Structure formats: C-alpha cells, structure tokens
Participant: 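For reference, the structure I am asking about is given below.
All values below were derived from every heavy atom in this structure, side-chain atoms included, with hydrogens, water molecules and symmetry-related copies excluded. Small disclaimer: the values here were computed from a predicted structure and weren't measured.
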Amino acid sequence: MRIAFTLIGGSDWTGGHNYLLNLLEVLIGYQAAELTPVLFVGEDLGTESPFKAIQGLEIVKTSYLNASRRKASLVQAMLWGRDACLQRLFKQHRIDLVFESAQFFGWRMETPAIAWIPDFQHKGLPHLFPLGAKWKRELGFRAQVAGGRTIMLSSEDARRACERYYSSTRGRTRTVHFAVPPGQLVSYADARATADSYDLPEHFIFLPNQFWRHKNHGLVLEALAILRGRGRQIVIAASGKQADPRDPAYFPSFQRELEKRDLQRSFRLLGLIPYPHLALLMRTCTAMLNPSLFEGWSTTVEEARAMGTPMVLSDLDVHREQMGKRAIYFERNSAQSLANALEQIQMFDPAQRELQTHAARDAALQRVEQFAQDFSNLAQDCLHKRA
C-alpha cells in the first residue's frame, strides 16, 4: 500500500513537524513490508530538511504544494470537490491512500483519505483564538467530517471530544496513540556536558514547550514566587519557540512579568534549542514539567516517557490517559498546587535514573511497534471500506 503524506502545519507548529517526522520513521522501520510512505512536498522545501535524512522515504517535489499555491488548492477542494492537479499527481505515483492533516483535498477526491485531527483546542479554549483563526480551523474540520473521512485521533480523550462535537463521526473514529523511539542511549556524563553548556545546575526542571498562551508558563512564575516565599529555590529551564502566532504580545508580556518578579535565575529562557539537545536535557533534568491547559497527546510527555524521566503534569484527562499513576499531577489553574507538586520532586540520582532509563527504553520500543501496527491496521481498514 502506497500512502501519500504532506507536510503538517507551517513553521509555527514544531509539534506537527516532529509528529510527521516520527511517524514516517516509525512506519518505515516497522511496517515497510506492508506500506510505503510517499512524502509530497513543495519545490520550495529547503535542502536542510530533516525528512531527506530518512532512509527509504520516497519524496516527491511538486510546485502544486508550494506555499504560494496552498490557498488556491484549498479553494478548488472546497468549491469543486478536489484539486485536479494533485489528484493526477497521486494517480501518477500510484497512491492508494492519503493522510490528511491541516489540509483538505476535497470531498470528490478519488483516493480514500484518513484525516488526523490532533486536538480540539479551539473548542476547549475558544478565547485563545482570534475569530478568523477559530473559524478557519472549524471549517477545515467540518469539511473533513462532511467529506466522509475516517478520523484518526491520538487519544481516547480526543476521540470522545470528536464524537461529542461532531456526532456524525460516530462509527468512523479511531484512536492511534503515537509513540516515539527512545533514541540512542547517551551516557549521563555526555548528556550533562550539554546541560553545562546552558549553565544549568545539577538539579533543574525541564519545560520544553513553545511559548503559546495555552502552555501556561505564567502559572509557573506564580508557583516559583510561592516557593521563594517558602525559602525554596527551584530552577526551571524552558526551551521552545518564543512566539505565539495567535497572540504576538504574549511572550513580551511574559518576559516583563519574569523581570518584574525578579525570577530570571529561577526561570531560565533557553530559546529554540537544537532538537537533539531536548533528549540530552531530559536525560539530565530532575523532572520534566508540562503545565499545559490543553493537549491532544503530548509529544514532550511521550519523549520523557521513553527515557524514564520523572514528570510533573497538569491534571488534564489526556495526561492521565498517557501516564496513569507514573507522574505527579497538579491543578492546572492553581499556582499553589503546582508549587506543592514541585516540592514533591526527589533530587536527581544518576544511578537510579540509569535503571529507570533502561526499563523505559524497552517499554518505549514496544509502544512504537504498536503505534506502527495500529496505523497500518487503520490504513488497511480504510481501504477495505472504500473497496
């Protein structure tokens, strides 16, 4: 089976980019006998793209997917039911199935499609979306639902939300929990050298989230202020893109609050760091923190899980679905609750972490294999229904 993929989202959403990168690597590594991923990209794809490093990935460059043409393609799909140019391209490359995300190829498209919807944040936190952005997202989802797509969700929490918001999807939703490989095992000493390069202390909490308002960084500042009042100093190292496309004023406002509270030594801004450094900081941090107000299935939680890194998580249903009892939870709107949770974290013990890491790696490999198998099963079912 040949499955067409296109790039997910734009440069603003690194989570979508990393999800696709991981999905393609996993499918090639575990399901090469059953399916062949084919990545269709614009001719404007940079030569440094990490997708080019995936061995065995077939990449098709076409002007039909250039950024300048995306709007025209969507208009054709909405008005005429399909983008005829892309349909011919899929046929030329013998595509059996299309994976559709953050894009709609039309309700008259000849090739069957799976639509991946990562989350329904615009429903859960509508006040964080400008009106135009909210309706653009909503109309895209409605088009996929009306187009009869099989809807793939990353969590049971998202699947229930999908069927609640769009009742006609009942019976054609499927949950495929994504998983990430544990990566190369790096010694603590080598990983610690990277932490040292960021001038991080021996004990620090890692917060690897983009600075979008729903990621709830402001609550962390309040919790740190509470802890300072208790005579406790905890260092939070925060990496991630420092811009919210929906609210450009958010990060500058956060910086002003950070300086006003005089917490620069406790809350370290690392900026957008090289992707390999994420794993190295997770390897050496005392715990990973995700204070988010909304998630579909957190990539950072999954990455930390694959390494056996202790976690402090907001009390989202999806976080509990993802980690069960293997995390410390706090009320996502309570700085007091977060401060209490941070005080529960035990200091870093390299020997104990070594044991946790090896056990976590074995479990992660099993989840990755299941992820690939579940996706393959869904693709096969989608084709059989169309036939």
Side-chain angles (χ1 to χ4, degrees), residues 1-9 13 16 19-20 23-24 27 31 34-35 37-40 64-65 70-71 73-91 93-123 134-178 296-297 371-372 374-387:
M1 186 195 316
R2 292 172 61 80
I3 305 180
F5 294 83
T6 57
L7 298 180
I8 297 177
W13 187 30
Y19 176 87
L20 179 61
L23 174 60
L24 295 174
L27 293 179
Q31 288 291 317
E34 300 295 329
L35 52 85
V38 184
L39 179 62
F40 289 80
Y64 299 146
L65 288 171
R70 283 179 67 94
K71 186 176 290 187
S73 177
L74 180 60
V75 168
Q76 289 185 46
M78 297 293 281
L79 292 180
W80 308 113
R82 64 177 179 175
D83 181 333
C85 295
L86 280 178
Q87 181 64 71
R88 284 196 299 270
L89 191 66
F90 291 153
K91 190 171 184 179
H93 288 274
R94 310 184 314 282
I95 296 302
D96 301 300
L97 183 69
V98 174
F99 182 78
E100 194 178 69
S101 178
Q103 201 160 345
F104 180 60
F105 294 114
W107 42 271
R108 290 179 54 236
M109 189 173 66
E110 297 171 15
T111 311
I114 293 172
W116 175 56
I117 299 180
D119 63 55
F120 299 92
Q121 188 188 145
H122 73 297
K123 294 284 196 181
K134 182 169 66 175
W135 273 106
K136 179 181 177 182
R137 187 177 170 105
E138 177 66 12
L139 289 173
F141 288 177
R142 288 188 185 185
Q144 290 176 318
V145 169
R149 303 291 194 257
T150 296
I151 309 295
M152 174 177 141
L153 295 312
S154 293
S155 67
E156 279 296 295
D157 183 59
R159 186 190 63 78
R160 288 191 295 269
C162 183
E163 294 184 355
R164 183 169 67 252
Y165 295 131
Y166 310 100
S167 58
S168 65
T169 64
R170 291 171 186 162
R172 53 189 174 99
T173 59
R174 287 276 283 275
T175 300
V176 178
H177 291 136
F178 75 81
W297 185 268
F371 174 35
D374 289 347
F375 183 93
S376 181
N377 291 343
L378 174 58
Q380 295 282 359
D381 290 348
C382 190
L383 270 189
H384 292 158
K385 284 182 183 178
R386 184 65 176 258

Participant: Supply the atom-to-atom distance Leu35 CG to Asp96 CG, rounded to the nearest 0.5 angstrom.
Facilitator: 10.0 Å
Participant: For the atom pair OG1 (Thr150) and CZ (Arg172), what is the distance rounded to the nearest 0.5 Å?
Facilitator: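 Spacing of OG1 (Thr150) from CZ (Arg172) equals 7.5 Å.
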Participant: Going by heavy atoms in the side chains, are Leu153 and Val176 under 4.5 Å from each other?
Facilitator: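 Answer no - side chains too far apart.
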Participant: Run the side-chain contact (heavy atoms from CB on, under 4.5 Å) check on Trp297 and Asp119 step by step: do they pass?
Facilitator: CA-CA 8 Å; Trp297 185 268; Asp119 63 55; over 6 Å; no
Participant: Using 0.5 Å steps for rounding, measure from the CD1 atom of Ile3 to the CD atom of Glu34.
Facilitator: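 Answer for the CD1-CD pair, Ile3 versus Glu34, is 10.5 Å.
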Participant: As an exercise, state the distance from CG of Leu23 to CH2 of Trp116, rounded to the nearest 0.5 Å.
Facilitator: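 With rounding to 0.5 Å, CG (Leu23) is 8.5 Å from CH2 (Trp116).
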Participant: Should the pair Asp381-Arg174 be classified as a salt bridge under the 4.0 Å nitrogen-to-oxygen rule?
Facilitator: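 Yes.
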Participant: Using side-chain contact (heavy atoms from CB on, under 4.5 Å), reason through Arg142 and Phe104 one step at a time and then give a plain yes or no.
Facilitator: CA-CA 10 Å; Arg142 288 188 185 185; Phe104 180 60; over 6 Å; no
Participant: Does Leu378 reach the side chain of Met152, with side-chain heavy atoms less than 4.5 Å apart?
Facilitator: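 Leu378 reaches Met152 side chain to side chain.
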Participant: When rounded to the nearest 0.5 angstrom, what is the spacing between OG in Ser168 and CD1 in Ile151?
Facilitator: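 Answer for the OG-CD1 pair, Ser168 versus Ile151, is 8.5 Å.
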Participant: Check the pair Gln76 / Arg82 against side-chain contact (heavy atoms from CB on, under 4.5 Å), numbers first and verdict last.
Facilitator: CA-CA 6 Å; Gln76 289 185 46; Arg82 64 177 179 175; over 6 Å; no
Participant: Report yes if the side chains of Phe99 and Phe375 come closer than 4.5 Å at any heavy-atom pair, otherwise no.
Facilitator: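 Side-chain contact under 4.5 Å: yes.
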Participant: Over 60° means perpendicular and under 30° means parallel, so tell me whether Phe120 and Phe141 are parallel, tilted or perpendicular.
Facilitator: perpendicular
Participant: Quick one: closest heavy-atom pair of Gly106 and Arg149, and the distance?
Facilitator: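 Shortest heavy-atom contact: O-NH2, 2.9 Å.
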Participant: Do Thr169 and Glu163 have side-chain atoms, one donor and one acceptor, less than 3.5 Å apart?
Facilitator: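 Judged by distance alone, the side chains do not pair up.
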Participant: Does Gly296 offer a backbone N or O that forms a donor-acceptor pair with the side chain of Ser154 under 3.5 Å?
Facilitator: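 No: the side chain of Ser154 does not pair with the backbone of Gly296.
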Participant: After noting the C-alpha distance and the side-chain angles of Asp83 and Arg108, does the key distance pass the salt bridge (charged side-chain N to carboxylate O under 4.0 Å, His left out) rule?
Facilitator: CA-CA 9 Å; Asp83 181 333; Arg108 290 179 54 236; over 6 Å; no
Participant: Could you check if a side-chain atom of Leu65 sits within less than 4.5 angstrom of a side-chain atom of Leu86, using non-hydrogen atoms only?
Facilitator: yes
Participant: I want to check something: taking the side chain as every heavy atom from C-beta on, are His177 and Phe371 in contact at a cut-off of under 4.5 Å?
Facilitator: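 They are not in side-chain contact.
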Participant: For the atom pair CD (Gln103) and CZ (Phe5), what is the distance rounded to the nearest 0.5 Å?
Facilitator: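 The CD atom of Gln103 sits 13.5 Å away from the CZ atom of Phe5.
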Participant: May I ask you to test the Thr6-Leu39 pair for a side-chain heavy-atom distance under 4.5 Å?
Facilitator: no
Participant: So, Lys134 and Glu138, do they make that salt bridge, N to O below 4.0 Å?
Facilitator: no
Participant: With a 6.0 Å cut-off on ring centres, are Phe178 and Tyr19 close enough?
Facilitator: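 For Phe178 and Tyr19, the ring centres are under 6.0 Å apart.
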Participant: Do Gln87 and Thr111 have side chains that approach each other closer than 4.5 Å (heavy atoms only, starting at C-beta)?
Facilitator: yes
Participant: Side chains of Ser376 and Gln31 only: does a donor on one sit below 3.5 Å from an acceptor on the other?
Facilitator: yes
Participant: Is it true that Phe105 and Phe90 have ring centroids separated by less than 6.0 Å?
Facilitator: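 Here the rings of Phe90 and Phe105 have centres that are less than 6.0 Å from each other.
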Participant: Ignoring hydrogens, what is the shortest heavy-atom contact between Ile114 and Ala379? Give both atom names and the distance.
Facilitator: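 What the structure gives for the nearest pair is CD1-CA, 4.0 Å.
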Participant: Is a side-chain donor or acceptor of Arg2 paired with a backbone partner of Pro37 at a separation under 3.5 angstrom?
Facilitator: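 Such a contact is absent between Arg2 side chain and Pro37 backbone.
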